[in-house]
Amino acid sequence: MNTAFILNACLHIHAAIVAHEADIESLDRAIGDGDHYINMKRGSEVAAGMYNTLLPLPADEALNKIGMKLLSTIGGASGPLFASFFMSMAKTAQQNGANTPLKIAAAFAAGVQAIMQRGKASVGEKTMLDVLVPVSTTFTTLAAQGKSSQEIATALKQTADIGLESTRNLIATKGRAAGLGERAIGHLDAGAKSCQVMIHAVCDLMLKEADA
Amino acid sequence: MNTAFILNACLHIHAAIVAHEADIESLDRAIGDGDHYINMKRGSEVAAGMYNTLLPLPADEALNKIGMKLLSTIGGASGPLFASFFMSMAKTAQQNGANTPLKIAAAFAAGVQAIMQRGKASVGEKTMLDVLVPVSTTFTTLAAQGKSSQEIATALKQTADIGLESTRNLIATKGRAAGLGERAIGHLDAGAKSCQVMIHAVCDLMLKEADA
Amino acid sequence: MKKFINQVDQVLVESLSGFANAHHDLVTLHVDPTYLTRREKAVNKVAIVSGGGSGHEPLHAGYIGYGMLDAACPGQVFTSPTPDQILEAAEAVHTDQGVLFIVKNYAGDVMNFEMAAEMLPFQHATVLTSDDCAVVNSTYTTGRRGVAGTVIVEKCVGSLAETGADLAACKALGDKVNQQTSSIGVALTSCTVPAAGRATFDIADIELEMGVGIHGEPGRRREQMREADAIVHDCIQAILADFATKGLTHRQDVLLLINGFGATPLMELYLLYHSAAKLLAAHGVRIERSLVGNYTTALDMAGASITVCLLDDEIKQHWDSPVHTAALRWGR
Amino acid sequence: MKKFINQVDQVLVESLSGFANAHHDLVTLHVDPTYLTRREKAVNKVAIVSGGGSGHEPLHAGYIGYGMLDAACPGQVFTSPTPDQILEAAEAVHTDQGVLFIVKNYAGDVMNFEMAAEMLPFQHATVLTSDDCAVVNSTYTTGRRGVAGTVIVEKCVGSLAETGADLAACKALGDKVNQQTSSIGVALTSCTVPAAGRATFDIADIELEMGVGIHGEPGRRREQMREADAIVHDCIQAILADFATKGLTHRQDVLLLINGFGATPLMELYLLYHSAAKLLAAHGVRIERSLVGNYTTALDMAGASITVCLLDDEIKQHWDSPVHTAALRWGR
Ligand SMILES: Nc1ncnc2c1ncn2[C@@H]1O[C@H](COP(=O)(O)OP(=O)(O)O)[C@@H](O)[C@H]1O
Ligand SMILES: Nc1ncnc2c1ncn2[C@@H]1O[C@H](COP(=O)(O)OP(=O)(O)O)[C@@H](O)[C@H]1O
Ligand SMILES: [Mg+2]
Ligand SMILES: [Mg+2]
Ligand SMILES: [Mg+2]
Ligand SMILES: [Mg+2]
């Protein structure tokens, strides 16, 4: 995983978030407080804006700087969670070099693990983790099986879709929708939606690069 | 003018005001503050409610009691104005006996005069006076000419209609619409409308009684 | 109409009861006729009595207490109180120094207070407030409306009365503060009178009413909705032009009051303050005192008014002096 | 969306500037990162720091000053502040007695304050407020939300800190007040987040949202709009049931807070007070203190919340003690 890819991914993530404004916003409006799109936009915009500054840095430093910047930019629930993701991913990347798919998958897993710790949450609670945790598992599994990056990217997109969809019939036990009880049923989780959007964006980038 | 007629008139006035709720209210909403109908309803309701109490009293005392009651019931601009009307009419009725059309017309004129004094206003200022002053003039003139009560009643209704209509193209210089400048043009005055409604109610009663 | 009410004809009495209960340490509610007085009657001072239509809360009952009003007479919603209320309130709080009425300049208020005053068996005077510069004064009209500047008049006169000043002095200060105060309001939505059950006026999403009155009366003109700075610019222009017309200079210390009409959040009021302060500073005005919040409202209207009061040492002193009322409190 | 704003991304900074200017005698605004502190740094006391998403004004910046907060960290609208704001605010007001954070219990607020706290090089503690009884606590949720009761916690803890009490004592009082406080809110209309530009939720003219949160989050259920007494009845039932669940008796002295969400006029809030007071009295509750107004808002939402805080001598004393902030002031 090199810095250029990471920064490129940030650009694509930002574009994807903006392209999905209506979806993301309406979900947080339905069972949250309506700011999740604005938060994601603010965060992805600032990450995208770091392109030139971070390009010369090693991948783990770039990841860490992105995490720290997100921490002081996003706020809300998603801010510390995504910040923890990047900072923790950076730490593992620094340790393992993140120079094979499996090592990258391990770094991703560490990021997801940090979200679970910070949010004291796991799957089935109608949060972004319902997308991120299965994506992480699939990633590690396929990487360990030595699958190609095309195969991995395609599978991760599918996994993200299924994870997102799984939030529809859940009662929320974390985040703002917690306590809504059955009224949350039928709605997708906003954070899960933005994770699905972001994973699609990054995987599409992987597919494009593999093509080239 | 006997007490029974006055009290009967109050009942008819109340019914007429309620029947014209929509007109009266929308006029004060357009260029005033929207409470004129409520004020008129509150006032006419309380006057109607005095029927049994006032029936045994002489006409002038009944008029005065109505005026005093209105004074403490209506409030707003119309409260002191209508109260002054009744109290002043009572005073003249007490002095002249109000036992001929001309004397009644004189009492009515005194009432209108009291409104002019209290409100420091005259005709052409887009107020109730644009109905009341011409009605008073017609009343006195026809009574002096010895016209029948049918003729008088019919003429007063017409005069009231014309007076009301005359407020349409006036710029207001008294009341809440004063200062609106040309924006008041095209709207009838709410107080003029309720006076027209009341005069119709009383004149229709006169016509009915004359018929009987 | 969507309001926290039971029956429309009970709104006033229930709301006043709630007010009197919540502030029973400060005020006493009297009924038949309706008026409110300080819980502890003040002695040996000019009694300051105000009142007007309801719907402008906390005006006036919220300003009863030490350093401000002795009594307030609430009328029906947007309808001035009746003379009997005013008369009894005045009698209840009168000591032997006379009564000063503070009356917002509306035909109804003026006439009802006038009729009460005519029946008063003791010394009295009236300050008519007319700070609204939206309505251009002319020989043909009954004059400008009293709006949020009334709070400043009540605060200063109330303070002076507390010092034992006589009726003439209190009236003179009230007239001076009124003369030196200019306001203008902007509505973004209409208010809804409970008994009417529907909006007083229609206004499109892209419109605002410039110069609106505190009863939702139309103002100078219907305009296009635009950004706050542009709206405030026009308001400040109107206020400065008003001072110029009166021959007063604005290049001096002022009190800036940003008043919400009832449905506009503090976040927006402070934004308006920011905007107004910037503009005033550019005109050489020095903001020495400020007040931001819902002080003279129009039921549930969204909108706000800007009031500028030219300060001198006397006004400053009386503005700063201790006050203890439900809605304005400092220094004790 | 019809608001007094210039550009949506400038709302917060312009509003905060206006606030800081209007109250420059009380507070100082710091930027990059954004936080507000008392103008005069307090010495030798536990520093009380709060914060949260903006849009709840006057919470929290309006409670900075003697007897209440030392600093406040405003986040974006309805979005908790970031750790750097919190960290710098804490460092700015810290003396050597430690810092107490007062945090409304939302995942975002909790995590951001937590991350700041982890980086703090000195003694600190946190009081999580969770007075909203609309959200039923369960082992599966992150727990109840902090709403208007937060003001009471901030007032009491602020008062205790002023006496020189230590961090543990301040935290203990905060936890106690929170435990003894129960709130529930009702929305009649939605709020509109400026950056979103449209209403957070749709609600029909004949509906109300029972148990709504202060960000327009859905509450217990969507219900038919009905008369105030019936609405208040359900609110009071919920609050008393909550005390019962906690094993607390309500047959005692309480503070009753009727809080407006931003677009509900005082007239209606006092009517709600009247209604709530009647009902509470019927349940043997003695209302010994009261507060009515916009103290914890949700932008321009029409609606209100009812908060009951069970008083004891300690809480009473700290509620009554002098306070001098932009939004709450008495005794000095
Ligand atoms: N404890 C948690 N663990 C994991 N994810 C969470 C947690 N709490 C909230 N989230 C996620 O955060 C999203 C909301 O983020 P956002 O709207 O930006 O913040 P806020 O809830 O503070 O308004 C939710 O949709 C959910 O996916
Ligand atoms: N000075 C005045 N002289 C005569 N009539 C007046 C005067 N001022 C107002 N009015 C009348 O009173 C009517 C308004 O009454 P109302 O709505 O009950 O009181 P308010 O104006 O106080 O709300 C106006 O339509 C007008 O006819
Ligand atoms: Mg959100
Ligand atoms: Mg009217
Ligand atoms: Mg009126
Ligand atoms: Mg949020």
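Just so we're on the same page: letters track the sequence lines, and every chain starts at 1.
- In terms of heavy-atom pairs under 4.5 angstrom with chain C, the leader among D/Ser54, D/Gly303, D/Ala20, D/Ala302 is D/Gly303.
- D/His274 approaches C/Ser17 most closely through the heavy-atom pair ND1-CB, 3.3 Å.
- Of the atoms belonging to C/Leu272, it is side-chain heavy atoms, and not backbone ones, that fall under 4.5 Å from chain D.
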Legend entry - Trace of the side chain to side chain donor-acceptor pair (under 3.5 Å) decision for C/His23 with D/Tyr273: CA-CA 11 Å; C/His23 304 289; D/Tyr273 183 93; over 6 Å; no
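- Contact tally against chain D (heavy-atom pairs below 4.5 Å) for C/Glu14, C/Met225, C/Glu57, C/Lys2: the top residue is C/Lys2.
- Of the atoms belonging to D/Ile231, it is side-chain heavy atoms, and not backbone ones, that fall under 4.5 Å from chain C.
- By the 4.5 Å heavy-atom criterion applied to side chains, D/His24 and C/Ile287 are not counted as neighbours.
- The distance from the CG atom of D/Leu188 to the CE atom of C/Met1 is 11.5 Å, given to the nearest 0.5 Å.
- With hydrogens and angles disregarded, no donor-acceptor distance shorter than 3.5 Å links the side chain of D/Lys3 to the backbone of C/Ala228.
- Between chain D and the residues C/Phe19, C/Tyr270, C/Trp330, the most heavy-atom pairs under 4.5 angstrom are made by C/Tyr270.
- Residue D/Ala61 does not touch chain C at all, counting heavy-atom pairs closer than 4.5 Å.
- No other option in D/Glu207, D/Gln10, D/His56, D/Gln7 has as many heavy-atom pairs under 4.5 Å with chain C as D/Glu207.
- Using a 4.5 Å cut-off between heavy atoms, C/Arg329 contacts chain D through both its backbone and its side chain.
- Both the backbone and the side chain of C/Val11 come within contact range of chain D, with heavy atoms under 4.5 Å apart.
- The greatest number of non-hydrogen atom pairs below 4.5 Å with chain C, out of D/Thr189, D/Leu16, D/Leu266, is found for D/Leu266.
- Judged purely by atom type and a 3.5 angstrom limit, C/Asn6 uses its side chain to pair as donor or acceptor with the backbone of D/Asp229.
- Here the closest non-hydrogen pair linking C/Ser290 and D/Ala22 is OG-O, 2.8 Å.
- D/Thr297 does not touch chain C: none of its heavy atoms, backbone or side chain, sits under 4.5 Å away.
- Only the side chain of D/Leu12 comes within contact range of chain C, judged by heavy atoms closer than 4.5 Å.
- Contacts of C/Ala304 with chain D are made by both backbone and side-chain atoms, with heavy-atom separations under 4.5 Å.
- Applying side chain to side chain contact (heavy atoms under 4.5 Å, CB included) to D/Phe4 and the options C/Met267, C/Glu227, C/Glu268 leaves one that passes, C/Glu268.
- Residue contact with chain D, scored on non-hydrogen atoms closer than 4.5 Å, involves the backbone and the side chain of C/Val186 alike.
- No donor-acceptor distance shorter than 3.5 angstrom exists from the side chain of D/Asn294 to the backbone of C/Pro265, with no hydrogens or angles considered.
- Looking at D/Ala277, there are no atoms closer than 4.5 Å to chain C (heavy atoms on both sides), in backbone or side chain.
- Most heavy-atom pairs under 4.5 Å with chain C: of the set D/Thr264, D/Leu208, D/Leu291, D/Ile258, this distinction falls to D/Thr264.
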